[in-house]
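To start, the structure itself, in structure tokens.
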Protein chains: 2
Amino acid sequence: MSIRSRGDAFPTPPPEVPPPAAPAVAGAAVSWLTRREQRVWRRYLLMTSQLTVWMNRQLAAEAGISLADYDVLVRLTDTPEGRLRVTKLARELSWEQSRLSHHVARMQRRGLVAREECADDGRGALVVLTERGRAMIEQAAPAHVAFVREHVFDMLTEAQVDALDAIATSVLTRLAADDHPSSA
Amino acid sequence: MSIRSRGDAFPTPPPEVPPPAAPAVAGAAVSWLTRREQRVWRRYLLMTSQLTVWMNRQLAAEAGISLADYDVLVRLTDTPEGRLRVTKLARELSWEQSRLSHHVARMQRRGLVAREECADDGRGALVVLTERGRAMIEQAAPAHVAFVREHVFDMLTEAQVDALDAIATSVLTRLAADDHPSSA
DNA sequence: GGGATCTGATTGACACGTCATGCACCTTAA
DNA sequence: TTAAGGTGCATGACGTGTCAATCAGATCCC
């Protein structure tokens with residue numbers, strides 16, 4: 001987790017009003033977060049970091065794989081032949097190309113996937129699910145799904161699930177809007 | 001991905017009903033996620049991963065620091081003397097002890113913080129904010145806060161902020177409930 | 001056909017996180 | 001007071017993620 005990072009905060013600025021003396025960088029009027037926004041934001045960050053930490057722990061314990069492994073394996077499983085072009089897989093995962101390349105190399109060492117040359121394109125490479133990889137994902141899935149259900153969906157009302165969906169959609173739309181330079 | 005990783009998914013199982021033939025591991029009736037739940041979950045994971053990726057990019061561009069650096073610096077700034085015991089800092093960040101130890105070592109190399117011995121406890125260590133560290137956080141904060149405001153809070157209604165808070169609270173409560181073994 | 005250029009993918013360097021381990025120092029209780 | 005156990009922190013090994021560089025194979029176009 002992130003396998004990720006982030007259990008976080010904001011500098012001391014008083015609610016609403018501009019900071020006392022600290023960030024006097026550019027002569028700009030910084031729109032600080034309100035106390036409530038700070039609280040919500042910190043909680044959000046804590047939730048996401050803790051969730052990924054625990055999903056990783058649980059997957060490691062159950063099946064010896066990481067959440068990243070799980071994601072890759074799921075996408076491959078979703079495919080008829082259990083094989084996908086590297087670029088396409090990266091796009092589906094919203095991963096950077098090189099991240100996937102590194103990750104596939106590691107998974108290959110563990111026998112979870114294999115690489116194949118691509119017939120139509122000499123540069124291309126296919127990532128192929130191995131038997132072992134398939135076994136792993138089938139072993140891991142039930143407990144992982146159960147974890148997500150128990151720790152997330154079982155805790156939320158229908159309305160909250162709707163809200164979460166709307167929130168994620170809004171934020172992603174915003175990110176897509178100004179993050180045109182490389183989509184990551 | 002980690003801070004983490006995760007743009008993810010679930011195996012192919014049909015909505016609601018148990019899987020066709022795949023995960024027949026333990027003779028358990030797995031409660032798969034509905035199509036809608038899968039969609040929401042994937043979107044949530046994508047939102048969180050993208051947000052952290054972009055927060056990191058933005059902080060790196062603006063001030064040459066990571067989100068993790070930012071978090072550490074903020075907590076130190078929140079303190080009168082700009083110094084905190086390692087364990088206490090780790091608890092406040094909800095970080096593992098060793099993660100903080102490694103991170104402080106890296107930040108120390110860059111001159112953002114320093115280590116000090118602890119007077120009352122021979123084992124203790126204090127992390128101290130340096131002038132350079134204070135300068136960094138003051139330089140980074142306005143743009144970071146603006147980023148969060150523009151990409152998150154400006155996109156949400158009051159009701160959605162409330163919902164996000166309630167969701168995070170519920171999930172964190174659940175995590176705290178069964179994750180008693182080591183709080184991370 | 002043969003350069004300029006684009007595209008798919010890998011690689012290396014390096015920051016980051018986790019787990020297990022080690023160890024110094026404190027605390028306790030006999 | 002001293003051995004046993006606990007606490008605070010650092011470290012090593014290793015998997016992970018990012019960016020920049022590289023490179024081979026495709027494409028374009030004169």
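Chain letters run A, B, ... following the sequence lines, proteins first and then strands; every chain starts at 1.
One finds no salt bridge joining Arg106(B) and Asp69(B) here, because no Lys/Arg side-chain nitrogen approaches an Asp/Glu carboxylate oxygen to under 4.0 Å. Salt bridge annotation for Arg57(B)-Glu96(A): present, with a cationic side-chain nitrogen under 4.0 angstrom from a carboxylate oxygen.
Look at CZ on Arg91(B): it is 12 Å from P on dT7(D), rounded to the nearest Å. Atom CD in Glu96(A) sits roughly 14 Å away from atom C1' in dA21(D) (whole-Å rounding). If you measure from atom CD of Gln97(A) to atom P of dA21(D), you get 17 Å, rounded to the nearest angstrom. Put simply, OH on Tyr70(B) is 17 Å from P on dC16(C), counting in whole angstrom units. Whole-Å rounding puts the Arg57(A) CZ to dT18(C) C1' distance at 8 Å. Summarising the geometry, the separation between CG on Asn56(A) and P on dG17(C) is reported as 13 Å, rounded to the nearest angstrom. Remark: C1' of dT18(D) and CG of Leu100(A) are 14 Å apart, rounded to the nearest angstrom. Between Leu89(B) atom CG and dG8(D) atom P the separation is 14 Å, expressed in whole Å.
Put simply, CG on Leu73(A) and CD1 on Ile137(A) are 5.0 Å apart, with the number rounded to the nearest 0.5 Å. Here CE of Met47(A) is found 6.0 Å from CG of Leu164(B). Values are rounded to the nearest 0.5 Å.
For the contact set between residues 101-115 of chain A and DNA chain C, defined by any heavy atom under 4.0 Å, the members are Ser101(A), His102(A), Arg115(A). Against DNA chain C, the stretch residues 118-129 of chain A makes heavy-atom approaches under 4.0 Å through Arg123(A), Gly124(A), Ala125(A).
Considering only side-chain N and O atoms, Arg85(B) lies under 4.0 angstrom from the phosphate OP1 or OP2 of dC9(D).
In this structure a side-chain-to-backbone donor-acceptor pair under 3.5 Å is present from Glu37(A) to Thr34(A). Looking only at distances, no side-chain donor or acceptor of Thr79(A) sits under 3.5 Å from a matching main-chain atom of Leu76(A).
A donor-acceptor contact under 3.5 Å links the side chain of Ser98(A) to the base of dC19(D).
For the pair His144(B)/Glu62(B), no side-chain contact is recorded, criterion being any heavy-atom separation below 4.5 Å from C-beta on. The shortest side-chain heavy-atom distance between Tyr44(B) and Val152(A) does not fall under the 4.5 Å cut-off.
Take Thr87(B) and apply the side-chain contact (heavy atoms from CB on, under 4.5 Å) test, not counting sequence neighbours, and it matches Arg91(B), Gln97(B).
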